[in-house]
Protein chains: 2
Amino acid sequence: MIHGDEKQKSILIAPLAVWTDFAPVCRWAHTYTMVWVTGFYTLAETEKTIESRLSGLEIDFTSQAAIANLYRAANSVRKYFSNTVLRSNDLSWTGFVVLWVVWIWPGIEVRHAAEEAGISKSTLSGVVRTMEGRSLMRREIDPTDRRLVHLELTDQGDRMMLDLFPRFNGEESFAVSPLSSKGVQELTKSLKAIVTHLEANMPETMGE
Amino acid sequence: MIHGDEKQKSILIAPLAVWTDFAPVCRWAHTYTMVWVTGFYTLAETEKTIESRLSGLEIDFTSQAAIANLYRAANSVRKYFSNTVLRSNDLSWTGFVVLWVVWIWPGIEVRHAAEEAGISKSTLSGVVRTMEGRSLMRREIDPTDRRLVHLELTDQGDRMMLDLFPRFNGEESFAVSPLSSKGVQELTKSLKAIVTHLEANMPETMGE
DNA sequence: CCTTTTTCTTTCGGATACGAATCATATCCA
DNA sequence: TGGATATGATTCGTATCCGAAAGAAAAAGG
């Protein structure tokens, strides 16, 4: 075996969770560099290699760790929900979100549903097609303005959400359970601040 | 026009950011319900409709808001970065993350790179194919164990990262700029707690 | 040795995902 | 009225994305 510490689960992930714990990085990099890239680098030389990439660049490690963990956390949440409550109903995260939006706002128009679900209209179009195929959702053309399309759940979709949603919410509680009640509220507040900030500065494209 | 407040941007999104600000929900739901679903519901009746879906279910709104905003924030971040720094190099978020991982750990093996990037091995396989096509990355079969594949950046990929990464990091600083330094660290800590918690309880599948 | 098992990567099928182009409808205004 | 303009939804092309199956190579155990 090439890597002696194979069994140790990686601590890092994505751009830069790594920098919050420097030692493992060096160990990995050392391993790879030594056995593969050149075959004979020492640890000191390896560190020099990393530094030649980042050290001269004045990196903001704090912000980097925050963004990396934000993305990683969202990923974990999606995976966790996909592998628990959603799997039992063969739903993707996005599929569930779309169902949820339509459940809460029966008759919602396509572009609003896309906005609420946080996906593009073209993506929604595909998801709705899938949901229609499973008899969970229905399209209805507006009789007054025939450009508009309203979305509704079928009775089957409605029944499913009634069963699924409480379980979904239970997992939401579970997901944030390592945090205090105060901590959860603080987290929400910080996340909203980031969303507001970025959406206000989003370049053209998604104006509505 | 059906919706008088068409111009007002929706505040909500995804499962439940909505419940942190109840009024707009009612306005929307009222609008939809009134003009479409039945045609003549009053506001009071509309509220009853919503309650018939959720009120009896004992929902944990606090956790719900946190998870909804977490996912939404990650979405905003990905979109923002895709539309700014990454667009200039025609890279997707995932593509960038993969390049970054390989940049930091030259010669990293496929399964480790997937783990670090937070994507499945099959996804990585496709991304690497794309990157190879653009001459940014290279596959190398391990001469000792021919099952293993090592990844490396080409000179061109290396040059690109050297230019791109500082700009990427600059946007990371910008993204969290509405938060205090202390706030950013608290956020990171909370996110890591969620990740650790969920990964420890992730059902089978991704044990690796 | 040589079958069985394990390990690692890729391929495959189907669903997301987005921007650009397209199609359908509605509004504007001369 | 009727062409130009605007607005909505869908389709199209391409790139992710994943789990399951397939493929390739190494290790294990007689």
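Order of the sequence lines sets the chain letters (A, B, ...), proteins ahead of strands, with each chain counted from 1. Only heavy atoms go into these numbers, but all of them, side chains included; no hydrogens, no water, no symmetry mates.
Residue B:S92 places at least one side-chain N or O under 4.0 Å from the OP1 or OP2 atom of D:dT16. Phosphate proximity of C:dT16 to A:T130: present, with a side-chain N or O under 4.0 Å from OP1 or OP2.
Judged purely by distance below 3.5 Å, without hydrogens or angles, the side chains of B:S122 and B:S120 pair a donor atom with an acceptor atom.
For an aromatic pair to be called close, the ring centres must be under 6.0 Å apart, and B:Y71 with A:W93 satisfies this. Within the 6.0 Å centre-distance limit, the rings of B:W103 and B:F165 are counted as a close aromatic pair. A centroid separation of less than 6.0 Å is found between the aromatic rings of B:F174 and B:Y80.
Straight-line distance from the CZ atom of A:R146 to the P atom of C:dC23: 18 Å, rounded to whole Å. Residue B:I141 contributes atom CD1, which lies 16 Å from atom P of C:dC8 at whole-angstrom precision. Counting to the nearest Å, the P atom of D:dA27 and the CG atom of B:D145 are 6 Å from each other. Rounding to whole angstrom units, CG of residue B:D142 and C1' of D:dA27 are separated by 16 Å. The CZ-C1' distance, from B:R87 to D:dA15, rounds to 14 Å in whole Å. For A:N75 and D:dC18, the CG to C1' distance is 12 Å, given to the nearest whole Å. Rounded to a whole Å, the CD atom of B:E115 is 13 Å from the P atom of C:dC8. Protein atom CD1 of B:I119 is 9 Å distant from nucleotide atom C1' of D:dT16, rounded to whole Å.
A tilted orientation is assigned to the rings of A:F168 and A:F81, their planes being inclined by 30° to 60°.
For B:R146, the CZ atom sits in a loose shell: 12 or fewer heavy atoms of surrounding residues, nucleotides or ligands are nearer than 6.0 Å.
B:S63 places no side-chain N or O within 3.5 Å of a backbone atom of A:V176 that could act as its donor or acceptor partner.
Considering only heavy atoms from C-beta on, A:V110 stays 4.5 Å or farther from A:V128 through its side chain.
Comment: A:R72 engages B:E199 in a salt bridge, judged by a side-chain N to carboxylate O separation of less than 4.0 angstrom.
Comparing the helix axis at one end of the helix from C:dC1-D:dG30 to C:dA30-D:dT1 with that at the other, each defined from 5 consecutive pairs, gives an inter-axis angle of 10° (nearest 10°).
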Given protein heavy atoms under 4.0 Å, the one-letter contact record of nucleotides 9-14 of chain D, with B base, S sugar-phosphate only and - none, is simply BBB---
